[in-house]
Amino acid sequence: MKIATVAFYGCALGLLAMGLRELLLGFEENRCSMTYMFEYPEYRRVPLPRRVAQQYPGYGLYLYGEGLYAQETRGLKLSGAPVLFLPGNAGSYKQARSLGSVALRKAEDIDNKFHLNVFTVDFNEELVALYGGSLRRQTHFLHECIKAILRLYKNQVQPPQSVVVVGHSMGGIVARALFALPRFNPQLVSFILTQASPHHAPVLTLDAQLLDFYSTVRRRWCSGADDLLNVTVLSVGGGHRDYQVRSGLTALPCHSGDSNKLSLVATAVPRTWVSTDHLSIVWCKELVLATVRAFFDLIDPSTRQFTDDPVQRMDVLRHHFIRHPVRLLGVQEDTSITFSGSVEAWTEVNTLRLAYNSPKEPQVKYFLFALSSRRKAYSHFHCRSSNLEMSSWLYGCTQMDGSMCVQAVDLSWGTELLPAYKVVTVKLSDLSSISHLVIGASNLNGKQFSIECEWLNQEARTVSIPVPHVLSFGFTVSDVTLSSSGLFHTIELQHFHQVYQALRITIVGQCKAAKERLPSVYRLTVPWFREDSFTTASLPSVTEIAGMLHTSRPRNASNVLLQLHTAPNCQYKVLVRTSFPKVLGQVLRFCGSTLPVYTTVALLLALEKQLQALIRTGRPLEISEAMGGALLPIKVEIPVYLLHLLLRQSWFQVGWMTLWLPAMDGLPLSSLDDGDLEPVEWPTPAQDWTRLLSLVLCVLGAAVAFWGSALFQLSLRLLSLLLAPLHRPCVSRDSGALPPRIQLLLIPSLGLLGWTACGALALTASFLLYLYRVLRLQMSKRTLKNILNLTPPQQSRGKENGSGDAVGQSHSEECNGTPMLSESALQEVTDDLQLHLSLLAVLTLPLMLSAPSLLHWARSLRYSVKLDPDPCWPFAVPLLTSTVLLINCNTLILRRSKLLILTSKFLLPLCISMVTFSMLHLYRVTYFLFVPLALLALACHL
């Protein structure tokens, strides 16, 4: 093996490890607080009709309870508002305890004026994210659960008419799939809250049933039907900590005119401001508190049930999840406010900035700002306050009496809560009927607080800087220094709009005078998706912010903004660099699911090298040498790019559709365009840059194939050493081969096993048979090498002439035929071993892709012997037939075959087709692999 090849793949492996480290570990520490149960949690099983229990034996419905509440609800006599929790992929129904426990504590705080009944569904912890066959069963069972829950309230005076559903991960997909059922009444569910649910597309498309399910749900929700417009859906993504379901996938695909659907990231939720991983989003105390507060505000006090008004539901969700105005929900906005009192409480401010710290003594205080002299020079008025308990604190004066205001309107509804303080900004052009601004700074309870206000010109406070190119590798820096004495600055990040970009933003804050100041808050705002992130820093400090996007910028969207809430009289220097490790992490976050395709392509190109060498020299290359020459991205990428170019032509599209060919798969880089997340059917010029990412992924996939095959060979050697004492020595190249009669019996037997039980089980059995063949060849090679090393040269030459001895015969007692203990015999076994190692590596891929079906079958074996539906069954029979037939294949038979040349020339077009059609449909990889395996099996027998 060439040193240059090892060095190249070593560098590629280093890049892959760097990207994986950033993907799995390159984020902030988990700042979520844990939710605790104050009493022992209990899960009371809710009885279902016998028909439902028999039809879904592995599923169940439970009611969550603790302490006295659990005892009171033992008879299932309920009076609260029903909430149903759905676990996700391999999730437990007991994950509802965080939501249920916090809801119980909240009900106790309001003296049980109304409360929630939290139900949870047991889906038997099925792997529905990887096996789509159970999604429809789960959806139908959920329908039965909702009807059973509502029947529990039938004796109430005002029973609930609908259930609020909370779905985690794939549970959110199942909740939305309810509305695609033909007999489902949409009025049974009025509100769905999903947590880290991949609405846009599945994370991995390992079977066609999963995609069909998604397509059905998408068509229903994007149809614009009137019965769906009144259903409120809130989708919350976890942020960058969730590497299992990236937040871009949690965006809701819905009709563009539907205003009752919200998608956001947990980092943007007020009073939460944290990123969660895929599991902690269920128990993160900050997010659970926001959810429970919203649920209780959604309850109508007159009926003690959830409101039926979709407008009120959206108002509540905006209050708790989008912009918190720091006041109680439901407090009516006063159109007019009257001030009274002495003139001494009023102070007119003529400076550009106000900094006020309240005294400890209670007092009434108001600050007055005249607008007439500021309208031309300034565009906005900005204030922030810390520890100020009053919800109304900024007013617009409409009537003056001397030096005090007597009539005003409340402008505090624009207040927004930030991690360190609350802020409000008003636009002067919207205040044409107002003469003065009033700040209420009364300290009635003696609690100290601080207020800072200023006039600002937003255009002068906004600076635009271009971000460095993604290929600058961090050596290029864009920087800007802010020396203003203001409280608020905005930096517009130009050319930052693609998900593969990753920035390292460094903010250096320094102040001349050392005194106590409010902390600075840095906010990264993405206009086209609610994925804002907040960072708090005390001065002096050096703060680093990771600038990464969850979705690419859609058409006609503005640039990303970095908003700085700064301390006055301090200097801030902002430096923007490209973070190459984080770029790799973003590439793997969005496109890592395509690595199996590129790994398969590398293995097939290595097999092509081996077959070409077998045709030329009669011997295949070693697998390591073939892998070294398999990295030729240009052989695959240029034809794929040409197809992209041709598909932009209308005449080629017509021909493509005439042949009934599916649409080309691109890299899974999502963008939001007018709320429509349907994939683009035909390639566009904007997708040209993705070909560069394809080259990077091709290199990474080849590195996985190269080092994976090396590790695979090492594992097989160790396994053959462990199994060697259990087998008698054999030096024949037919070691581990099957008699033809056994082969003919195995093929229908394995086919029957796949039909009656599980197709993945039959594939696994055929793979194990092939693995045994490779292990026996490995043992034969080791035995031959040991014998030849111990045999004297003269005796070895005698053996080459055809003479044998008792030693050779003793080593071949279990082998058919007479062995030839010579270097040529060793070479034959080695050649066969190298060929079978490549084929075994190729066979490993369909085994891995079908593993979820096998796991699901094994977990459900106590309920049913047959897996239904079985995504592996359509291709299991031809694939296992080819595998069994290839067991007896050797290089001597193969190089004499007339189909060998055709097979070797067929592999490159197959790789091109695989990259064209399998990037978003991983299950198609198995379909493509069947073709070369079948051709090789035929070549060994023709």
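Quantities reported herein were computed from a predicted structural model and do not represent experimental measurements.
Distance check: F767 CZ to L840 CG gives 4.5 Å after rounding to the nearest 0.5 Å. Rounding to the nearest 0.5 Å places OG1 of T883 at 12.0 Å from CG of L771. Taking CG of L900 as the start and CD of Q612 as the end, the distance is 10.0 Å to the nearest 0.5 Å. Atom OG1 in T830 sits 8.0 Å away from atom CD in E622 (nearest 0.5 Å). Distance check: L24 CG to Y243 OH gives 5.5 Å after rounding to the nearest 0.5 Å. Residue L127 holds its CG atom at 11.0 Å from CE of M170, rounded to the nearest 0.5 Å.
With a 4.5 Å cut-off on side-chain heavy atoms, Q834 and L837 count as touching. Side-chain contact check for C940 versus N888: every heavy-atom pair is 4.5 Å or farther apart. Residues L752 and T756 have side chains in contact (heavy-atom distance under 4.5 Å, counting atoms from C-beta outward). Contact of the L839 side chain with the L933 side chain is registered, since non-hydrogen atoms from C-beta on lie closer than 4.5 Å. A 4.5 Å side-chain heavy-atom check between V915 and T594 finds every atom pair outside the cut-off. In this structure the side chain of E828 never reaches within 4.5 angstrom of the side chain of L892, judged on heavy atoms. Using a 4.5 Å heavy-atom threshold, the side chains of F928 and L604 count as separate. At a threshold of 4.5 Å between non-hydrogen side-chain atoms, the residues W707 and L711 do not count as touching.
Ring to ring, F930 and F875 are not that close: their centroids are 6.0 angstrom or more apart.
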Discussion item. One pair to check against side-chain hydrogen bond (donor to acceptor under 3.5 Å, both in side chains): T891 and R733. What are the steps and the verdict?
Written reply: CA-CA 10 Å; T891 55; R733 69 188 310 169; 3.1 Å; yes
Item to complete: Could you walk me through whether F712 and I623 pass side chain to side chain contact (heavy atoms under 4.5 Å, CB included), step by step?
Response: CA-CA 11 Å; F712 193 46; I623 184 172; over 6 Å; no
Discussion item. Determine whether L908 and V636 satisfy the following criterion, side chain to side chain contact (heavy atoms under 4.5 Å, CB included), listing intermediate values before the conclusion.
Written reply: CA-CA 7 Å; L908 180 59; V636 176; 4.2 Å; yes
Item to complete: Begin with the C-alpha distance, continue with both residues' side-chain angles, and end with the deciding distance and a verdict on side chain to side chain contact (heavy atoms under 4.5 Å, CB included) for R776 and Y772.
Response: CA-CA 6 Å; R776 292 305 307 271; Y772 179 76; 3.1 Å; yes
Item to complete: Step by step, work out the disulfide (SG to SG under 2.5 Å) result for C758 and C872.
Response: CA-CA 8 Å; C758 174; C872 297; over 6 Å; no
Practice prompt. Begin from the C-alpha positions of L700 and Y598 and carry the test side chain to side chain contact (heavy atoms under 4.5 Å, CB included) through to its verdict.
Written response: CA-CA 8 Å; L700 297 180; Y598 287 105; over 6 Å; no
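Considering every non-hydrogen atom in both W755 and K866, the closest pair reads O-NZ, 2.6 Å. The minimum heavy-atom distance linking L206 with L130 is given by the pair CB-O, 3.7 Å. Closest non-hydrogen pair, R924 versus S918, comes out as CB-OG, 3.5 Å. Closest of all the heavy-atom pairs between P198 and I173 is O-CD1, 3.4 Å. Scanning all heavy atoms of the two residues, the minimum distance from A703 to A12 falls at CB-CB, 3.6 Å. Between L867 and S853, the shortest heavy-atom distance links the atoms CD2-O, 3.7 Å.
D870 contributes a side-chain N or O that, together with a main-chain N or O of G759, makes up a donor-acceptor pair within less than 3.5 Å. The backbone N or O of L763 lies less than 3.5 Å from a partner atom in the side chain of S766, making a donor-acceptor pair. Checked by atom type and distance alone, the side chain of E126 never pairs as donor or acceptor with a backbone atom of H856 at under 3.5 Å. A donor-acceptor pair is defined here as one N or O able to donate and one able to accept, closer than 3.5 Å; such a pair exists between the side chain of S732 and the backbone of D734. Side chain of R895 to backbone of G618: a donor-acceptor contact under 3.5 angstrom is found. Side-chain atoms of T205 come within 3.5 Å of backbone atoms of L920 as a donor-acceptor pair (strictly under, hydrogens ignored). Put simply, the side chain of R782 never gets that close to the backbone of L777: no donor and acceptor are under 3.5 Å apart. In this structure, D207 contributes its side chain and G132 its backbone to a donor-acceptor pair below 3.5 Å. With hydrogens and angles disregarded, no donor-acceptor distance shorter than 3.5 Å links the side chain of T617 to the backbone of L614. In terms of modelled atom types and a separation under 3.5 Å, the side chain of Q586 and the main chain of V499 share a donor-acceptor contact.
Test I742, V877, T881 against I747 for side-chain contact (heavy atoms from CB on, under 4.5 Å) and you get one pass: T881. Residue P202 forms a side-chain contact (heavy atoms from CB on, under 4.5 Å) with just one option from L922, V245, L211, and that option is L211.
Between F917 and W656, the ring planes lie tilted relative to each other; the angle falls in the 30° to 60° range.
A salt bridge links R859 and E125; the closest N-O separation between the charged side-chain nitrogens and carboxylate oxygens is under 4.0 Å.
Environment of CD1 in I901: sparse, with no more than 12 heavy atoms of neighbouring residues, nucleotides or ligands closer than 6.0 Å.
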